[in-house]
Engineer: 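What follows is a single structure, and I will ask about it in a moment.
A note on names: the letters A, B, ... follow the listed sequences, proteins ahead of strands, and every chain is numbered from 1. What's counted below: heavy atoms across the whole structure, side chains too, no hydrogens, waters or symmetry copies.
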Number of protein chains: 2
Amino acid sequence: MATSPVPDTGRSSDGEPARHAAGRRRGATIQDVAREAGVSRAAVSKVIRNAYGVSDQMRARVEAAIATLDYRPRVAARAMRGASFTLGLEIPQIGNDFHSVIASAATEVLAETSYQVVIAPIRDPQQGDKALQSLADRQVDGIVAVAPLVSTDWLDTLAERVPLVMVGRHDVSTRYDTVAGDDESGAEQVMEHLVELGHRRIAFLDVDRRRAAGKSYISPTGRDPHSIRRRVYHEHMGALGLAPLVVESLGHMEEDAAAAVSEILTSGPHPTAIFAGHDTLAVGALRAVAAAGLDAEDVSVAGFDDIPIASHPLISLTSVDQQGYAMGAEAVRLLLERIDGRTEAVQVQMPTSLRVRASTRPPRSVEGVRPEPGDDR
Amino acid sequence: MATSPVPDTGRSSDGEPARHAAGRRRGATIQDVAREAGVSRAAVSKVIRNAYGVSDQMRARVEAAIATLDYRPRVAARAMRGASFTLGLEIPQIGNDFHSVIASAATEVLAETSYQVVIAPIRDPQQGDKALQSLADRQVDGIVAVAPLVSTDWLDTLAERVPLVMVGRHDVSTRYDTVAGDDESGAEQVMEHLVELGHRRIAFLDVDRRRAAGKSYISPTGRDPHSIRRRVYHEHMGALGLAPLVVESLGHMEEDAAAAVSEILTSGPHPTAIFAGHDTLAVGALRAVAAAGLDAEDVSVAGFDDIPIASHPLISLTSVDQQGYAMGAEAVRLLLERIDGRTEAVQVQMPTSLRVRASTRPPRSVEGVRPEPGDDR
DNA sequence: GTGAAAGCGCTAACAC
DNA sequence: GTGTTAGCGCTTTCAC
């Protein structure tokens with residue numbers, strides 16, 4: 001491993017510096033190092049890979065040469081024969097706090113290994129397959145993807161080529177692993193909480209997936225987190241004899257949700273509580289509620305994921321904690337296991353717990369049980 | 001470009017499927033495609049690169065073969081000869097909203113080109129050089145980095161190897177471009193605003209950079225955004241004959257800032273206003289203020305960057321908008337220009353404007369001019 | 001323990 | 001217009 005903190009000139013000891021078309025200097029190659037150290041290329045390769053069969057003396061010479069030339073192995077060249085020592089992380093939206101938490105966890109776990117992470121954002125939700133595919137083209141040694149909008153068959157095929165772990169999918173595949181929250185029980189907790197507070201006109205805020213996904217909309221298997229949360233909502237409403245009301249946002253962004261909620265708040269009687277499909281939508285809902293001059297007693301809002309801002313005292317959003325950080329860490333751990341040879345598929349489900357905060361209150365009209373306005377941090 | 005949405009088996013038409021050590025199937029190669037189409041490898045290469053000199057007939061045959069085999073060029077192999085068609089984006093912290101905005105912008109601009117983006121998070125602020133270096137090792141065709149903690153010399157040397165654009169640095173290098181906000185005027189606007197409201201005990205909330213950076217602390221050139229903001233703060237306080245008070249957070253995270261601010265709020269007389277070095281710190285400060293049961297008339301808070309949550313009515317943070325999205329887009333544009341051959345360095349400075357919101361109020365003790373509590377969205 | 005040789009999959013000259 | 005050739009920098013047998 002090179003140690004010099006400054007990239008060197010890459011000038012090999014015995015010749016002119018290699019240059020690229022645009023006059024760019026190229027770094028030293030394994031050949032240069034071998035020459036400098038007076039050994040063969042293979043010997044250098046062994047040293048940098050920590051492989052078996054190098055004498056201490058040779059190792060020292062090679063390491064000195066590496067330091068002198070500030071040699072750095074080209075990942076592309078290594079990837080052609082062996083591994084790239086790179087793991088790909090695919091997240092649907094950069095800037096989504098829940099995804100960020102997962103990414104942070106992954107990055108941190110990987111910091112203890114010799115793997116690098118590259119994050120590939122999906123530029124277009126319809127193109128989840130493209131993004132995953134391009135990660136595979138990049139010859140990463142494994143992929144963690146967060147809830148991509150692709151079919152299980154497609155993933156199965158991809159998994160034949162590269163070790164794969166999915167976060168936020170409940171698929172039971174034999175070829176890749178999954179890590180997901182217990183969406184069923186999480187959603188139940190939300191509904192029970194709202195009902196207990198006395199709410200009856202409860203809306204579910206979801207993304208209009210058909211429009212968000214566009215033409216290549218993947219048929220809902222019913223096993224994705226949002227379908228489950230929505231189904232549980234419907235079941236509870238049905239069981240109580242209440243009329244369901246689904247509010248559909250045009251996208252996953254806060255402003256999309258705010259716009260959708262604004263609309264229902266200004267047109268006639270509105271729900272007294274909103275169960276949002278995830279926290280970013282919930283925060284957008286809060287935006288609309290506050291902008292309309294209303295508060296939690298007019299319209300309570302609950303979310304899912306317990307993103308960091310949810311616990312902010314000024315936001316204080318009731319949400320379902322599904323341990324995003326642990327999910328990300330676990331996903332990476334599973335991936336490393338897979339790279340290491342495991343072939344049986346594993347499904348992990350994280351327990352959920354409801355964090356009750358100030359965004360959910362008994363509706364103004366009802367004499368319900370006052371919750372303690374406790375903030376859990 | 002292959003069009004089949006599903007990765008195929010990669011079985012070449014005339015032989016057994018290539019397999020990897022771990023029994024992983026490998027995809028078709030350019031050789032397989034050439035065989036299938038009955039042409040040479042070079043011909044296939046020309047077709048996929050859209051290069052000059054291919055007859056329509058041959059192009060059709062090749063494209064059919066590509067589709068049949070679901071051929072996908074290996075990025076690693078391409079990178080060894082030509083370009084990787086990948087741009088690297090280096091952001092200091094995944095999950096920081098300002099960085100996310102920049103990353104989104106970059107991703108969006110690149111979506112219109114044939115370039116892919118990979119994001120490399122810095123796992124350790126002390127290791128900005130490592131992260132950049134590893135992006136270079138990955139043979140990306142260019143790099144956009146957000147305010148890495150490295151010296152200009154180091155960047156100059158790196159820039160000899162790969163096209164480079166820095167965001168949030170005011171360096172004037174001859175070898176790489178910079179895009180930065182007008183930190184000087186932005187900070188002035190904040191200070192003038194706070195003073196005009198009647199504040200006199202104004203604190204500056206900054207990250208304790210020496211501790212955050214650790215041993216490899218890069219000497220402050222004074223040209224980085226935070227040094228400038230802090231200097232302007234000191235200048236204003238000095239000009240008014242006021243005693244400066246710098247509150248130092250242990251890190252860039254919201255909770256670090258909240259902890260630091262909590263401390264000064266509970267120990268004796270506290271400032272009536274806090275100018276935070278960036279919005280994440282400001283949101284953390286608001287957390288501490290709210291947790292202490294105080295509001296904007298007790299302690300006003302202003303930030304820098306105008307991250308999306310700042311405009312949330314429940315947060316309503318006064319902040320300096322430096323057009324993060326435009327910065328990200330501009331950085332990518334400059335990088336593409338550089339890849340295209342430009343060699344003169346360019347420095348872009350974005351204008352700033354203060355978004356006054358509810359988090360800054362006249363101090364309770366003062367009869368100042370009430371600002372309009374306008375929220376700008 | 002060490003080195004020579006054979007590729008990995010692709011592109012860029014240069015022949016034809 | 002099309003095919004042939006020579007590598008890019010690395011890893012990996014397999015002799016020595």
Engineer: Roughly, in whole Å, what's the span from CZ in A:R72 to P in D:dC8?
Structural biologist: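 Atom CZ in A:R72 sits about 21 Å away from atom P in D:dC8.
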Engineer: Round to the nearest Å and state the distance from B:I48 atom CD1 to C:dG9 atom P.
Structural biologist: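 In whole Å, C:dG9 P lies 14 Å from B:I48 CD1.
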Engineer: Which whole-number value in Å describes the distance from B:R59 CZ to D:dG1 C1'?
Structural biologist: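 B:R59 atom CZ is separated from D:dG1 atom C1' by 13 Å.
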Engineer: Rounded to the nearest 0.5 Å, what separation is found between the CD atom of B:E330 and the CG atom of B:D177?
Structural biologist: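 Interatomic distance, B:E330 CD to B:D177 CG, rounded to 0.5 Å: 9.0 Å.
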Engineer: If you assign each of A:Q31 and B:V54 to its closest nucleotide in DNA chain D, which residue comes earlier from the 5' end?
Structural biologist: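 With A:Q31 and B:V54 compared, the 5'-side residue is B:V54.
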Engineer: Could you tell me the separation between the CG atom of B:L89 and the NE2 atom of B:H99, rounded to the nearest 0.5 Å?
Structural biologist: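 One finds 10.5 Å between CG of B:L89 and NE2 of B:H99.
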Engineer: Using a 4.0 Å heavy-atom cut-off across all strands, classify A:S45 as base, sugar-phosphate, or nothing.
Structural biologist: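 Here A:S45 touches the bases of the nucleic acid.
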Engineer: Please determine whether a side-chain nitrogen or oxygen atom of B:Y71 lies at a distance below 4.0 Å from atom OP1 or OP2 of C:dG9.
Structural biologist: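 No.
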Engineer: State which of D:dC8, C:dT11, D:dT12 makes the closest approach to the side chain of A:R81.
Structural biologist: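 Output: D:dT12.
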Engineer: Whole-Å distance between C:dA12 P and B:N50 CG?
Structural biologist: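 Answer to the nearest Å: 13 Å.
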Engineer: A:V165 vs A:I143, test: side-chain contact (heavy atoms from CB on, under 4.5 Å). Steps then yes/no.
Structural biologist: CA-CA 6 Å; A:V165 178; A:I143 296 178; over 6 Å; no
Engineer: Heavy-atom nearest nucleotide on DNA chain D for B:A43 versus B:Q139: which residue maps closer to 5'?
Structural biologist: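 The 5'-side residue here is B:A43.
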Engineer: Between CZ of A:F85 and CD of A:Q139, what distance do you get to the nearest 0.5 Å?
Structural biologist: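 Rounded to the nearest 0.5 Å, the CZ-CD separation comes out at 13.5 Å.
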Engineer: Just to be sure I understand the rule, does A:A42 reach a base, reach only the sugar-phosphate, or reach nothing, if contact means heavy atoms closer than 4.0 Å?
Structural biologist: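 If one applies the 4.0 Å heavy-atom cut-off, A:A42 turns out to touch a base.
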Engineer: Indicate, yes or no, whether a donor-acceptor pair under 3.5 Å links the base of C:dT11 to the side chain of B:R41.
Structural biologist: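 Per atom types, the contact qualifies.
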Engineer: Please check the phosphate of C:dG9 (OP1 and OP2 only) for any side-chain N or O of B:T29 closer than 4.0 Å.
Structural biologist: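 No, B:T29 has no side-chain N/O under 4.0 Å of OP1/OP2 on C:dG9.
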Engineer: Within this structure, what is the NZ-to-C1' distance between A:K46 and D:dT12, rounded to whole angstrom?
Structural biologist: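 After rounding, the gap between these two atoms is 9 Å.
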Engineer: Tell me: CE of A:M80 to P of D:dG7, nearest whole Å?
Structural biologist: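 Distance check: A:M80 CE to D:dG7 P gives 16 Å.
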Engineer: Quickly work out the A:R74 CZ to C:dG9 C1' distance and round it to whole Å.
Structural biologist: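 After rounding, the gap between these two atoms is 18 Å.
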Engineer: Mind running salt bridge (charged side-chain N to carboxylate O under 4.0 Å, His left out) on B:R72 and A:D137 for me, showing each step along the way?
Structural biologist: CA-CA 7 Å; B:R72 317 217 83 223; A:D137 295 343; 2.4 Å; yes
Engineer: Tell me: CZ of B:R78 to P of C:dT11, nearest whole Å?
Structural biologist: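 Computing the B:R78:CZ to C:dT11:P distance gives 5 Å.
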